*Asks:* 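Here it is, the structure, as structure tokens.
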There are 2 protein chains.
Amino acid sequence: MALHAVCNRLHRDASRTSRFCKSRHDAEIANLDMAKRTRVTRPKAARIADVAQLAGVSVATVSRTLARPEVVIEETRLRVLAAVRDTGYMPNISARNLRVRKTMVVLVAVPDIANPFFAEVLQGIDDTLSAADYGLIIANLAGSPGKEARYVDLVCAGQADGVLLLCGHVMRSPDRDLRDARVPLVAACEYIPGEKFPQITIDNVDTAREAVGHLIKLGHTNIAYLSGPKSNILEQQRLEGYRQALREAGIAADAGLILRGDFTFRAGVEAGRALLALEPVARPTALFAANDEMAIGLIKTVHTAGLQIPDDLSVVGFDGIAYADYCEPTLTTIVQPRRDLGATAAAELISLMTNGRAGPRKDIKLPATLMLRDSTRAPRRSPS
Amino acid sequence: MALHAVCNRLHRDASRTSRFCKSRHDAEIANLDMAKRTRVTRPKAARIADVAQLAGVSVATVSRTLARPEVVIEETRLRVLAAVRDTGYMPNISARNLRVRKTMVVLVAVPDIANPFFAEVLQGIDDTLSAADYGLIIANLAGSPGKEARYVDLVCAGQADGVLLLCGHVMRSPDRDLRDARVPLVAACEYIPGEKFPQITIDNVDTAREAVGHLIKLGHTNIAYLSGPKSNILEQQRLEGYRQALREAGIAADAGLILRGDFTFRAGVEAGRALLALEPVARPTALFAANDEMAIGLIKTVHTAGLQIPDDLSVVGFDGIAYADYCEPTLTTIVQPRRDLGATAAAELISLMTNGRAGPRKDIKLPATLMLRDSTRAPRRSPS
DNA sequence: CTGAAAGCGCTTACAG
DNA sequence: CTGAAAGCGCTTACAG
């Protein structure tokens, strides 16, 4: 008989005839033996069989006691629970997952984890998911592009029960598509056109329209727009909202008032310089930035050059990042319900993972609010 | 014979005698059957047996082809690879992990995921970990306190191969301690005194001393300190650095120059108000804040009240968050190598998980650099 | 170089 | 109410 078979036999016999401690000891010896040849493995940790043995019941009963205590008679239950305590037993989740074919893990794809906007959305996701005992794997798409493919493969390999997409697109690997992964998907924050899974967003068009409407109500008619990257859906929607607001107010669109940006602070600084390069009379009296970071960069730049905010220029941002309330002047902006966006998306995904497709597609729009602060005011001169 | 046994038999027979498709079909029927009674399970997904059957080899050979292709003869390898492709096979990681007793998952405990400081540390961790094919479970300690216990239990249950502690303490649950989890631990950012696992930090004492030394070199002698929460190790170390710098310069410590804060923007605002409440002549000419957020809150407050920064007050922060370069004036601060802190800690943990304890404890100090910007200058009047 | 078989640690229908 | 047994999908020593 081969050595390893002997070890196994020993172990089994020991389990049958000895106390918990002895059988564990044999197992450890076997483990040490393996560890030398292969990689590092962790020794012991009570298994369900150890608990069963100590309690004098079958493993089935231990399993039931833990999963549905009410079906087990009290006396048994007490014995099992005591044994669980004494052995320090915790179920091996890999084994359970293998058995029930679930992973209890959700993959969250985020464009850039270092972006505070997403960090707070993640909090909402994490709260909801962990309350339902789901783990969270964060697929941070910033950095090497090969990562995205690896995550897709991971999900296709059944390593997650669901996916939350904050990245504005359905992830792909060279030969696989997330849609083929047979797990529910939910998108949040960045709407992905043409998909049939639930999407949790704010109404960017409407909210942008409201932001620009605020400037119009203050009396501005010469309103610039500082854009995000053209291909981004949020940019497209916010630009559309800007246009709608102008149209509704009967203000002619002026392509010269659209400054190209890319959502970065630096883009805001450059847009600020572009503004300063204009003749004072040619300058807009107000500006709507597609996000807060650009708005803050722009304010800082024009302010340093001597322009008064909001007297010479009113500025509205978008997102409601913490810093919008720290900067000077504080920034009037659209506050997104970041935590709630995450929590709602997670709840939707949990429902999908638990009950399967629950009827028609569900696109949920969460309310975003215009937060009035110190960066907006009526224009100095009444509109010409 | 019981129904489920019949199903299993059918399935097994089919596997032996029919093509891939047929056997999968039977499996699906069995799955559907189960799905009705239990929770939602995902149907099919090729298993190793399907690949083996299609390639006409044993499952052992498929496994070997994937794990160590060089031990398999080329002809076989090609057949197996083709079958893998045709079936879209991806190994079930729960099953593999169960077998090899690893999880390929690392738990990272972070005090607050919405804090941009940690977000960037996380990036470094994520880059390193994912390159080594480790997954990342984020234990976000912000929020409900019960969470910490759940995560400890999870690790003790063998759900992670290692833990990265960014939270300044070894996590505990009511009845378990992370140190009993039999997995390697590594701490980063916040040093945990008295532990024997590796810790990756910067030298906070020394760096704080350098920051205050910079103010002293500029000619300041009346230097305030805006503290973090007393119990925090970073606060203690930075305060110690402040004291050392004063002592070395022969400047008497003045308890009245220590303002109590808690690392929040709001604390900075309040400290700013406290400063404004002083008689101008009694005010310090410089201030060292234990972190950037407080420094920025303070600057904003005193600046709004008419003080000139840096002319009336020089300010140095600590951390090097993005906003320190966005605010006005830009903030002189200590820039921590956040990404590198994360990457180094992750690399250390990987080495521990792969090779076991590798000799003596390894505390690694990474260099942090004083970044000179616009918030510091020589005092207006020479020191009295 | 390859296959048969054991076993990782659970859960759950079935039978009693 | 409880136990015996099958099986989730892999990996890996052993034998050939």
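Proteins get letters first, then strands, A, B, ... in listed order; numbering begins at 1 in each. Please read these numbers as outputs of a predicted model, since none were measured by experiment. These numbers come from the heavy atoms of this one structure, side chains and all, not from hydrogens, waters or symmetry mates.
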*Asks:* Verify the contact: side-chain N or O of B/Thr61 to OP1 or OP2 of C/dG3, cut-off strictly under 4.0 Å; return yes or no.
*Replies:*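 Answer is yes, contact under 4.0 Å.
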
*Asks:* Specify the separation, in whole Å, of atom CG of A/Asn97 and atom P of D/dC8.
*Replies:*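 In whole Å, D/dC8 P and A/Asn97 CG are 16 Å from each other.
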
*Asks:* Let me see the working for B/Glu148 and B/Arg172 under salt bridge (Lys or Arg N to Asp or Glu O under 4.0 Å), right down to the final yes or no.
*Replies:* CA-CA 7 Å; B/Glu148 172 160 336; B/Arg172 261 177 285 278; over 6 Å; no

*Asks:* The side chain of A/Val72 is closest to which nucleotide in this list: D/dT11, D/dT2, C/dG9?
*Replies:*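 Per side-chain heavy atoms of A/Val72, the pick is D/dT2.
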
*Asks:* Is the distance from OP1 or OP2 of C/dG9 to the nearest side-chain N or O of B/Arg101 less than 4.0 Å?
*Replies:*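 True: B/Arg101 side-chain N/O within range (under 4.0 Å) of C/dG9 OP1/OP2.
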
*Asks:* How many Å lie between CZ on A/Arg99 and P on D/dC10, as a whole number?
*Replies:*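 Rounded to the whole Å, the gap is 16 Å.
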
*Asks:* Classify the side-chain pair B/Thr61/B/Ser58 by whether it contains a donor and acceptor separated by less than 3.5 Å.
*Replies:*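 B/Ser58 and B/Thr61 do have a side-chain donor-acceptor pair below 3.5 Å.
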
*Asks:* Separation of B/Ile73 atom CD1 from C/dT2 atom C1', in whole Å?
*Replies:*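 Atom-to-atom, B/Ile73 to C/dT2, this comes out as 10 Å.
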
*Asks:* Ignoring hydrogens and angles, tell me if any N or O in the side chain of A/Arg150 forms a donor-acceptor pair with the backbone of B/Ser130 under 3.5 Å.
*Replies:*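 Looks like yes, one N/O pair under 3.5 Å.
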
*Asks:* Which helical stems does DNA chain C take part in, if a stem means at least 3 consecutive Watson-Crick or G-U pairs with both distances below 3.5 Å?
*Replies:*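 DNA chain C stems, ordered by first number: C:1-3 with D:14-16, C:5-12 with D:5-12, C:14-16 with D:1-3.
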
*Asks:* Counting only side-chain heavy atoms from C-beta out, which of C/dT2, D/dT12, C/dC10 sits nearest to A/Tyr89?
*Replies:*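 Shortest atom-to-atom distance from the side chain points to C/dC10.
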
*Asks:* Just one of B/Val186, B/Leu349, B/Leu165 clears the side chain to side chain contact (heavy atoms under 4.5 Å, CB included) bar with B/Phe197, so which one?
*Replies:*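 Checked B/Val186, B/Leu349, B/Leu165 against B/Phe197; only one passes side chain to side chain contact (heavy atoms under 4.5 Å, CB included): B/Leu165.
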
*Asks:* Heavy-atom nearest nucleotide on DNA chain D for B/Ala67 versus A/Val71: which residue maps closer to 5'?
*Replies:*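 The residue closer to the strand's 5' end, by nearest nucleotide, is A/Val71.
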
*Asks:* Calculate the interatomic distance between B/Gln159 atom CD and C/dG9 atom P; express it in whole Å.
*Replies:*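 It works out to 13 Å between those atoms.
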
*Asks:* B/Val183 and side chain to side chain contact (heavy atoms under 4.5 Å, CB included): which single residue from B/Leu107, B/Leu178, B/Val163, B/Asp161 fits?
*Replies:*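 Answer after filtering B/Leu107, B/Leu178, B/Val163, B/Asp161: B/Val163.
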
*Asks:* Can you tell me which nucleotide in C/dC1, D/dT2, C/dC10 comes closest to the side chain of A/Asn92?
*Replies:*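 Looking only at side-chain atoms, A/Asn92 lies closest to C/dC10.
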
*Asks:* Taking CD1 from A/Ile48 and C1' from C/dT12, how many angstroms apart are they, rounded to a whole number?
*Replies:*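 Distance check: A/Ile48 CD1 to C/dT12 C1' gives 11 Å.
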
*Asks:* When rounded to the nearest Å, what value does the distance between P atoms of C/dC1 and C/dA5 take?
*Replies:*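 Result for the P pair: 23 Å, nearest Å.
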
*Asks:* Report the distance from atom CZ of A/Arg96 to atom C1' of C/dG9, rounded to the nearest whole Å.
*Replies:*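 Result: 11 Å.
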
*Asks:* Between P on D/dC10 and NZ on B/Lys102, what's the gap in Å once rounded to a whole number?
*Replies:*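 Rounded to the whole Å, the gap is 18 Å.
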
*Asks:* Side chain of A/Ala95, heavy atoms from C-beta onward: which of C/dT11, D/dG3, C/dG9 has the nearest atom to it?
*Replies:*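 The nucleotide sitting nearest to the side chain is C/dG9.
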
*Asks:* Any idea which heavy atoms bring A/Leu129 and A/Ala346 closest together, and the distance?
*Replies:*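 Smallest heavy-atom distance, with atoms named: CD1-CB, 3.8 Å.
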
*Asks:* Assess whether a salt bridge exists between B/Glu195 and B/Arg179, defined as any Lys/Arg side-chain N lying under 4.0 Å from an Asp/Glu carboxylate O.
*Replies:*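 Judged by the 4.0 Å cut-off on N to carboxylate O distance, B/Glu195 and B/Arg179 do form a salt bridge.
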
*Asks:* Could you state the atom-to-atom distance from CG of A/Leu98 to P of D/dG7 in whole Å?
*Replies:*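 The answer, rounded to whole Å, is 14 Å.
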
*Asks:* Does A/Arg64 contact D/dG3 through a side-chain donor or acceptor facing the base, at a distance under 3.5 Å?
*Replies:*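 Such a pair exists between side chain and base.
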
*Asks:* Listed by chain and number, what are the side chain to side chain donor-acceptor pair (under 3.5 Å) partners of B/Asp180, not counting sequence neighbours?
*Replies:*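 Counting only residues at least two positions away or on another chain, B/Asp180 forms no side chain to side chain donor-acceptor pair (under 3.5 Å).
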
*Asks:* Quick check for you: among C/dT11, C/dT2, D/dT11, whose closest atom lies nearest to any side-chain atom of B/Thr76?
*Replies:*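 Closest nucleotide to the B/Thr76 side chain: C/dT2.
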
